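Structure first, commentary second.
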There are 2 protein chains.
Amino acid sequence: MKLSAGVEWAIHCCVVLSQADRPLPGGRLAELHGVSKTYLAKHLQALARAGIVQPSEGRDGGYALTRDPGGITVLDVVRAVDGPDPAFRCTEIRQQGDLAAPPEECRRPCGVAQVMAEAERAWRTSLAGTTIADLAATVDGDAVRAAL
Amino acid sequence: MKLSAGVEWAIHCCVVLSQADRPLPGGRLAELHGVSKTYLAKHLQALARAGIVQPSEGRDGGYALTRDPGGITVLDVVRAVDGPDPAFRCTEIRQQGDLAAPPEECRRPCGVAQVMAEAERAWRTSLAGTTIADLAATVDGDAVRAAL
DNA sequence: TTGACGTGGATAGAATATGTCCGAGTAAAC
DNA sequence: GTTTACTCGGACATATTCTATCCACGTCAA
Ligand code: FES
Ligand code: FES
């Protein structure tokens with residue numbers, strides 16, 4: 001199991017944006033974290049599609065959060081960047097091969113899939129318990145604002 | 001985030017093995033589930049390295065569980081097949097770029113990394129709460145044993 | 001002796017993640 | 001209103017990983 005590296009970038013960008021009072025360009029956000037401008041832009045686009053950040057074009061444009069940092073959970077960002085697909089995908093192998101179960105036993109989802117789904121639910125619940133505002137409180141907000 | 005498809009194969013194989021009273025060859029396990037023999041063999045080797053199954057070589061050889069199904073958790077199988085690396089890997093981008101935090105502020109792990117680690121802990125805890133024996137109780141054991 | 005089986009590595013192909021590029025469009029400045 | 005600089009957005013390569021296959025070898029039971 002592997003999570004896209006862009007997740008770390010995106011969350012940190014959201015924390016920085018929560019400290020800014022005006023839109024920040026994608027290139028500036030990349031410089032602040034020392035990462036690829038163009039690749040970060042791709043993830044910012046994903047955040048925009050998810051409705052987490054609002055892009056403004058033209059000169060002095062950039063990205064800004066669409067709502068209060070306390071209303072954006074870490075899960076929102078992770079789902080936007082990494083995609084909403086669950087990590088475990090059941091391919092219904094119980095219906096294939098020599099010991100294929102009859103269809104009437106497959107109305108209920110496979111027990112294995114249920115366990116994996118429950119675990120992912122716990123994972124998402126944990127991520128949803130922290131907001132960008134919570135994370136912003138753990139960093140030096142003054143230093144971030146001074147770097148604008 | 002994506003989980004290896006071999007995880008599904010491996011868990012189902014462990015459930016089948018819990019119903020068997022003698023070693024089952026890897027090729028037979030593949031036929032039972034209708035999957036690639038050679039690729040499944042690779043995952044079975046991973047299970048063997050993790051000490052979950054015990055291979056027996058030579059004629060009439062095969063794989064058997066090393067301990068009671070009640071002592072093997074789903075997490076054990078997932079870690080064996082998918083690897084022990086955490087899904088989220090912090091690259092310490094807070095120490096890079098224009099707003100690099102000074103080292104004295106980086107003694108504690110980044111708050112973002114803490115949140116992600118806590119979520120993965122919840123995921124693993126959930127997986128560790130179910131054993132192969134629990135899963136075996138949800139399938140038709142008679143049908144499996146009849147297919148031997 | 002023989003045949004079946006697991007082990008490990010080497011080897012392709014497919015899918016995905018990562019990184020880069022340039023054009024269309026926009027808003028500010030003059 | 002024109003110019004200009006700046007932005008986003010998607011299309012385009014590259015690298016890494018996952019998936020799948022094959023073969024040579026050692027092992028064990030019949
Ligand atoms: S058939 Fe997919 S998890 Fe059991
Ligand atoms: S620096 Fe890696 S998660 Fe914050």
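Chain letters run A, B, ... following the sequence lines, proteins first, then strands; residues in each count from 1. Small disclaimer: the values here were computed from a predicted structure and weren't measured. FYI, side chains are in, hydrogens and waters are out, and symmetry mates aren't considered; it's all heavy atoms of this structure.
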Under 4.0 angstrom between Ser56(B) side-chain N/O and dG6(C) OP1 or OP2: no
N-O pairing of Asp82(A) and Lys2(B) below 4.0 Å: no
Euclidean distance, atom NZ of residue Lys2(A) to atom P of dT19(D) [Å, nearest integer]: 12 Å
Spacing of Leu29(B) atom CG relative to dC5(C) atom C1', expressed in whole Å: 13 Å
Lys/Arg N to Asp/Glu carboxylate O, Glu31(A) vs Lys37(A), below 4.0 Å: yes
Leu44(A) CG to dG19(C) P, straight-line distance once rounded to whole Å: 15 Å
Whether over 12 other heavy atoms sit under 6.0 Å from Arg124(A) CZ: yes
Side-chain donor/acceptor of Glu57(A) to base of dG25(C), under 3.5 Å: no
Residue closer to the 5' end of DNA chain D, Ala5(B) versus Gly58(A) (nearest nucleotide): Gly58(A)
Electrostatic pair Arg145(A)-Asp140(A), nearest N-O below 4.0 angstrom: no
Separation of dA15(D) P from Tyr39(A) OH (nearest whole Å): 15 Å
Distance, rounded to the nearest Å, where Gln54(A) contributes CD and dC8(D) contributes P: 12 Å
Residue whose nearest DNA chain D nucleotide is more 5′ - Trp9(B) or Gln45(A): Gln45(A)
d(CZ, Arg89(B); C1', dT18(C)) in whole Å: 12 Å
Sugar-phosphate, base or nothing in reach of Ala41(B), heavy atoms under 4.0 Å: nothing
Heavy-atom donor-acceptor pair, Lys42(A) side-chain to dG9(D) base, under 3.5 Å: no
Any Arg49(A) side-chain nitrogen or oxygen under 4.0 Å from OP1 or OP2 of dG10(D): yes
Whole-Å gap separating C1' (dA28(C)) and CZ (Arg59(A)): 6 Å
Rounded interatomic separation in angstrom, taking CG from Leu40(B) and C1' from dA20(D): 12 Å
Asp98(B)/Arg28(A) ion pair, N-O < 4.0 Å: yes
Sugar-phosphate, base or nothing in reach of Arg28(A), heavy atoms under 4.0 Å: nothing
Sugar-phosphate only, base, or nothing, as touched by Thr38(B) at under 4.0 Å among non-hydrogen atoms: base
Under 4.0 angstrom between Ser36(A) side-chain N/O and dT20(C) OP1 or OP2: yes
Sugar-phosphate, base or nothing in reach of Gly62(B), heavy atoms under 4.0 Å: sugar-phosphate
